[in-house]
Amino acid sequence: MAINAVGREIPEEIKGVGELNPYQGAFKTVPTGNKMSPNISMQKRGETKVLNSLEEAIKKVGVRNGMTISFHHHLRNGDYVVAMVLDTLSNLGIKNITIAPTALFPAHKSIIKHIKSGVVTAIQGSVNGPIGRIASEGVFDVPVILRSHGGRARAIESGDLPIDVAFIAAPTADIYGNINGVKGPSACGSLGYIVADAMYADKVVAITDNLVDYPVAPISIPQIYVDYVVKVNKIGDPKGIVSGTLEITRDPLRLLIAERAASVIEASGLLRNGFSFQTGAGGISLAVAYHIRKIMKQHSIVGSFGSGGITAYFVRMLEEKLFRVLLDVQSFDIEAVKSLIRNPNHLEMSASFYANPHNKGCAVNNLDIIILGATQIDTDFNVNVNTESDGVLLHGIGGHMDTAAGAKLTIIVTPLLRGRIPIVVDKVITITTPGETIDVLVTERGIAVNPNRKDLLQRLKKTRLPLVNIEDLKKEAEKMTGKPEVPQFENKIIGLVEYRDGTIIDVIRQVRK
Amino acid sequence: MKDTAKIGQSGTLESSDILVMVQLSPDQNGIRIELESPSKKCFGSQILKTIKQTLHNLGIMNAYVKAQDRGALDCTINARVETAVKRALKFKEKGDV
């Protein structure tokens, strides 16, 4: 066992995974060597890439027991592709598959039957809800490896995560394998998360319900990476793929938090021409964007870019010329999809472009401000977004640790309690994002600044914002709720939280019944 | 249900509230609590303690309590249990709860 830089015990080696490198600090790992090189292949003139069935494709690419296959989650809770591929593998009697999804959703719970029958025996990638729960109960022999969006792209490019076959849900594909996500009945917008898979997997299969003549335009994933194209009836349910326009929260408590976060941004000195900004699609985040938009209009500020998962609200800010460019790795709603088609300043970006720390520069490095949530935050500002207060693994990392490390100002917005559960605690159950990359915590009971950010503290002291010590927030929460009982764990490690640079920041253990 | 049973209910299923149903009947021996809560692992025993304490303070020695918690704080649990008990004590045949 080694103790890593955030004080967590990391085993030296895990069976089925190999040697582990303990986390040393957010910017300590210096990569060496060469990138992974995918195989060379050849497509003869006149040969077709279009196959009649998924079964044929699986046979042609040669999926065998023990292989690693990957998927992307741009179809979100409407995705049919993961289920149809695993069902077909199961029918063909293929077992012992590692899946490497960019994320899983509650809609993917049919995977559970393939886990129980031994078709799927390991997961490298985000898990969510029901699959996280059975992982927490110890169903896998090999721990789930959780990676951020940037960390996943890094792992693929570096060879840490070799992928045998990538199955790409393609809203539109032409007969020679060019793909885009913006057209077709299952349009989802950006295809950013699957780009590394397309480039580095040994074999790539596009699965589409909108097969068109050659060549399609625009092209997000080009023909040079795609081996086969399969036409199916439906790749997803549009209702689950894109949401309607997300509403700004009306909860007064959350609105107060958002208003304060906006005031922190204003006081930070970063809200000026050229300003870059990212938020999630959550209620508080969107409300922060509402205030930022108001301030930008008031002072005629033109930002450089908005990034990440793009919502209608950011599209509106682009159209109002409050931002020059949107960098879109995932389009959350139908407005974002439409904007990606029509607006040349709305750019699709890959996960590596977005957040991979080991390339020649990713977008988050140029980010001024990121607004993030937390399931728990501790008095060292470490954030947990993976495990719930009962210790169960229920969420992926997303871009949390990437944007926190990249942005000049990382703001966590959260109410002090969720129901009776305190959010500010002594020690988070799982460290997802290290405290050294978190600058401010904004709650309804006060704003806590990371003591490392003396410059920011000085600026905020000049305002009338309610500054508090994070320890006092923790005490205040506990005074209201009582001291929570700490969840009990077994010895077995069921999850590894990999920091974006490939080191291990924490482990997740099996929950005790 | 025995027609001699007295029932009182209080609270809602809104977030941060608790819905408490108290049944006082002569054949109930001691306190029996059925608790459903999203924070059962962290606060289950504390919630049960609070319910028992409130019943005790009201002099209730025999009751069946069904509590559907949605993350309520102790003060809320206190108030909901007390109100449910008082409504149960006023309970009339076919009366409102």
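Order of the sequence lines fixes the chain letters, A, B, ..., with proteins taken first and strands second; residue numbering starts at 1 for each chain. Excluded from the calculations below are hydrogen atoms, water molecules and symmetry mates; all remaining heavy atoms, backbone and side chain alike, are included. Small disclaimer: the values here were computed from a predicted structure and weren't measured.
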Exercise. Mind checking what makes salt bridge (charged side-chain N to carboxylate O under 4.0 Å, His left out) contact with B:Lys52, not counting sequence neighbours?
Worked result: none
Problem set entry | Check: A:Pro143 and A:Ile494 side chains under 4.5 Å, non-hydrogen atoms | no
Pull every donor-acceptor pair under 3.5 angstrom between chain B and chain A and give the atom names with distances.
unit_1  : atom_1 : unit_2   : atom_2 : d
B:Cys42 : O      : A:Glu485 : N      : 2.9
B:Ser45 : OG     : A:Glu485 : OE2    : 2.5
B:Gly71 : O      : A:Arg420 : N      : 3.1
B:Asp74 : OD1    : A:Arg420 : NH1    : 3.1
B:Asp74 : OD1    : A:Arg420 : NH2    : 3.0
B:Asp74 : OD2    : A:Arg420 : NH2    : 3.3

Exercise. Do the side chain of B:Arg32 and the main chain of B:Tyr64 share a donor and acceptor less than 3.5 angstrom apart?
Worked result: no
For this session: Taking all non-hydrogen atoms of both residues into account, name the closest pair between A:Ile505 and A:Pro434 and its distance.
Result: CD1-CD, 3.7 Å
Problem set entry | With B:Leu55 via side chain to side chain contact (heavy atoms under 4.5 Å, CB included) - residues at least two apart | B:Ile31, B:Ile51, B:Ile60, B:Val65, B:Val81, B:Val85
For this session: Check each atom of B:Ile18 against the heavy atoms of chain A and say whether the ones under 4.5 Å are side chain, backbone, both or neither.
Result: neither
Exercise. Side chains of A:Val511 and A:Pro487: does their closest heavy-atom pair fall under 4.5 Å?
Worked result: no
